[in-house]
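For reference, the structure discussed in these notes is given below.
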2 protein chains.
Amino acid sequence: MNAETLKGHLDLLLLTALEAHPAHGYAIAETLRARSEQAFDLPEGTLYPALHRLERAGLLASRWSDQSGRRRRVYHLTAKGRRALVKRQRDWLDFARAMRAVVGVQA
Amino acid sequence: MNAETLKGHLDLLLLTALEAHPAHGYAIAETLRARSEQAFDLPEGTLYPALHRLERAGLLASRWSDQSGRRRRVYHLTAKGRRALVKRQRDWLDFARAMRAVVGVQA
DNA sequence: ACGCGTGGCATAGCATAGCGATGTATGAAT
DNA sequence: ATTCATACATCGCTATGCTATGCCACGCGT
């Protein structure tokens with residue numbers, strides 16, 4: 001998966017990964033890797049700045065967890081984040097539909 | 001359709017629009033607008049630089065057409081462009097499949 | 001004669017997002 | 001001891017799409 005492919009769709013992935021329950025960055029990356037069958041393997045320079053960005057935007061909130069000396073920042077969706085998630089899902093479906101219409105049949 | 005949504009997928013749209021027959025910039029934009037049911041409405045500052053970029057990359061070639069004083073630059077796919085189109089189609093399908101797997105069911 | 005809408009192209013400048021590289025630190029396994 | 005996986009952070013780069021602006025030609029209405 002090359003660089004620009006993800007652009008503009010990363011937020012949806014991150015929000016989706018946090019939909020069911022809170023998680024820390026590394027776990028989010030694992031979830032996405034697993035669910036996508038290795039297609040999405042977020043580099044750290046992508047993952048962490050994106051989480052910071054979403055937190056700054058008020059879609060996520062975080063707290064430190066300190067289980068056995070291992071410091072982790074655990075993120076969870078805010079109310080605003082949940083609303084954003086719904087909107088991004090709609091946006092994605094619209095986008096995918098339009099792409100399908102232009103590009104041709106879906107596999 | 002917001003700004004970053006398109007990022008990384010514009011090339012595929014442009015190449016697709018030129019798959020059947022050559023066309024000039026404005027006509028390409030019309031085609032995409034029509035096929036996507038208005039979802040894709042490329043601003044000029046997006047369209048023309050992108051065409052230049054694809055031509056520089058050797059995926060497109062162009063010639064001027066001068067019908068009745070109306071100057072148009074008509075683009076067509078090169079051999080390399082056709083190969084790129086096939087690859088981008090595959091990439092898109094992979095990406096869409098992975099998104100679907102992560103985000104959930106398709107509309 | 002003038003403006004306006006549509007067709008048609010171009011570019012400068014900007015904002016932003018994702019990524020590579022690098023650094024730090026802990027615990028488990030070898 | 002060393003290496004690997006876990007875990008987070010950030011600097012700096014690059015690419016890309018968009019806004020704004022400018023140019024020109026044609027046809028239509030007033």
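Sequence lines set the chain letters: A, B, ... in the order given, protein chains first and strands last, and positions in each chain run from 1.
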- B/L13 CG to D/dG17 C1', straight-line distance once rounded to whole Å: 13 Å
- Query: Checking side chain to side chain contact (heavy atoms under 4.5 Å, CB included) for the pair B/L42/B/I28: CA distance, chi angles, key distance, verdict?
  - Reply: CA-CA 9 Å; B/L42 306 186; B/I28 293 172; 5.6 Å; no
- Query: In whole Å, what is the span from the CG atom of A/L10 to the P atom of C/dG18?
  - Reply: 5 Å
- B/D66 CG to D/dC26 P, straight-line distance once rounded to whole Å: 10 Å
- Query: Between B/M99 and A/L12, does a side chain to side chain contact (heavy atoms under 4.5 Å, CB included) hold up when you go through it step by step?
  - Reply: CA-CA 9 Å; B/M99 284 295 287; A/L12 172 55; 3.8 Å; yes
- Message: Once side-chain hydrogen bond (donor to acceptor under 3.5 Å, both in side chains) is applied, do any residues pair with A/E55, and if so which ones, sequence neighbours excluded?
- Response: A/S62
- Message: Does anything in residues 52-61 of chain A come within less than 4.0 Å of DNA chain C? Heavy atoms only, and list the residues if so.
- Response: A/R53
- Message: Can you tell me if B/R73 touches the phosphate of C/dA10, counting only side-chain N or O atoms and a distance under 4.0 Å to OP1 or OP2?
- Response: yes
- With a 4.0 Å heavy-atom cut-off, tell me which residues in residues 19-29 of chain B come close to DNA chain C, sorted by residue number. B/H24, B/G25, B/Y26
- Query: Quick one: salt bridge (Lys or Arg N to Asp or Glu O under 4.0 Å) partners of B/D91, sequence neighbours excluded?
  - Reply: B/K87
- Residues in side-chain hydrogen bond (donor to acceptor under 3.5 Å, both in side chains) with A/R82, at least two apart? none
- Go through residues 32-50 of chain A and report each residue with a non-hydrogen atom lying under 4.0 Å from DNA chain D, sorted by number. A/E44, A/G45, A/Y48, A/P49
- Atom-to-atom span, NZ of B/K7 to C1' of D/dG17 - whole angstrom: 5 Å
- Item | Qualifying ring pair (Phe, Tyr, Trp, His ring centres under 6.0 Å) pairs with a residue from residues 12-34 of chain A, counting only residues at least two apart or across chains | none
- List for me each residue that meets salt bridge (Lys or Arg N to Asp or Glu O under 4.0 Å) alongside A/R83, sequence neighbours excluded, and say none if there are none. none
- Query: ring pair (Phe, Tyr, Trp, His ring centres under 6.0 Å) with A/H9: which residues, sequence neighbours excluded?
  - Reply: A/W92, A/F95, B/H9, B/F95
Please tabulate the protein-to-nucleotide N/O contacts below 3.5 Å involving nucleotides 27-30 of chain C, giving atom names and distances.
from	atom 1	to	atom 2	distance (Å)
C/dG27	OP1	A/S68	O	3.4

- Item | Atom-to-atom span, CD of B/E4 to P of D/dC18 - whole angstrom | 9 Å
- Quick one: do A/L14 and A/L47 satisfy side chain to side chain contact (heavy atoms under 4.5 Å, CB included)? Show the steps, please. CA-CA 9 Å; A/L14 297 178; A/L47 176 65; 3.9 Å; yes
- Message: Does any part of the side chain of B/L77, heavy atoms only, come nearer than 4.5 Å to the side chain of B/L60, both counted from C-beta?
- Response: yes
- Tell me, please, which residues at least two apart from B/R33 pass salt bridge (Lys or Arg N to Asp or Glu O under 4.0 Å). B/D41
- Would you please name every residue forming a salt bridge (Lys or Arg N to Asp or Glu O under 4.0 Å) with B/R90, sequence neighbours left out? none
- Does B/G58 offer a backbone N or O that forms a donor-acceptor pair with the side chain of B/T78 under 3.5 Å? yes
- Separation of A/W64 atom CH2 from D/dC8 atom P, in whole Å? 7 Å
- Task: Round to the nearest Å and state the distance from B/L51 atom CG to C/dT11 atom P.
- Result: 12 Å
- Query: Between B/L6 and B/L13, is any pair of side-chain heavy atoms under 4.5 Å apart?
  - Reply: yes
- What is the distance, rounded to the nearest whole Å, between atom NE2 of B/H9 and atom P of D/dG17? 9 Å
